[in-house]
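Just below is one structure, and these are the notes that go with it.
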Amino acid sequence: MLFQMMSVHPNPIISSHIMQSLQTIALSAAHHIVEHQSQSFKVWVPSVRDITLVFLNMGASFISLFPLEALQPPFTEGDLLESFQLEETSQDRVLSDMKDNATLPVHNLESVLNVS
């Protein structure tokens, strides 16, 4: 959820803080794994599904993300859309506002690429 919020938040400072939080969580988990040889921690990295969903939220088409027929992911655009709730959330309002302005803040794309 933080990954999705970071990718659409219109304020670059808040988006940056969310990205830093994700990195801190990942580094903390990695530290516990290495220093304590703990099997109970896992380092989270966004999956292809997570990244695809974020790019769809940013307005990319599914076909443009996976143009080669031989390299299709194990999920479809419909699979991703099924996971959305029908009621409007604050994220939906942000996306709607961004679509109205027809621009995507560059910091959103940069944050996704930095975390990925």
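As the structure is a prediction and not an experimental result, all values here were calculated from the model.
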Decide yes or no on side chain to side chain donor-acceptor pair (under 3.5 Å) for Ser61 and Ser64, but give the supporting numbers first. CA-CA 5 Å; Ser61 68; Ser64 67; 3.0 Å; yes
Quick check: do Phe62 and Pro73 have side-chain heavy atoms less than 4.5 Å from each other? yes
Ala29 to Lys42 - nearest heavy-atom pair and separation: CB-O, 3.6 Å
Are any side-chain N or O atoms of Thr24 and backbone N or O atoms of Gln20, one a donor and one an acceptor, separated by less than 3.5 Å? yes
To which residues is Val34 joined in a hydrophobic cluster, defined by side-chain heavy-atom contacts under 4.5 Å among Ile, Leu, Val, Met, Phe, Trp and Tyr, whether direct or through other members? none
Any side-chain heavy-atom pair from Ile18 and Phe3 closer than 4.5 angstrom? no
Nearest 0.5 Å please: distance from the OG atom of Ser21 over to the CE atom of Met5. 9.5 Å
Tell me if a side-chain donor or acceptor on Ser7 pairs with a main-chain N or O of Val54 at a distance below 3.5 Å. no
Quick check for you: to the nearest 0.5 Å, what is the distance between Met19 atom CE and Ile14 atom CD1? 14.0 Å
Under a 3.5 Å distance rule, please check whether Ser16 uses its side chain to pair with a backbone N or O of Pro12 as donor and acceptor. no
So how far is it from Phe55 CZ to Asn57 CG, rounded to the nearest 0.5 Å? 11.0 Å
Interatomic distance, His36 atom NE2 to His31 atom NE2 [nearest 0.5 angstrom]: 4.5 Å
Please examine the side chains of Trp44 and Leu2, heavy atoms only from C-beta on, and report whether any two atoms are closer than 4.5 Å. no
Taking C-beta and beyond as the side chain, do Asp79 and Arg49 meet within less than 4.5 Å on heavy atoms? yes
Identify, with sequence neighbours excluded, every residue that meets ring-ring contact (aromatic ring centres under 6.0 Å, His included) alongside Phe75. none
When hydrophobic residues are tied together by side-chain contacts of less than 4.5 Å, even through go-betweens, does Ile33 share a cluster with Leu27? no
To the nearest 0.5 angstrom, please state how far the CG atom of Leu65 sits from the CG atom of Leu71. 13.0 Å
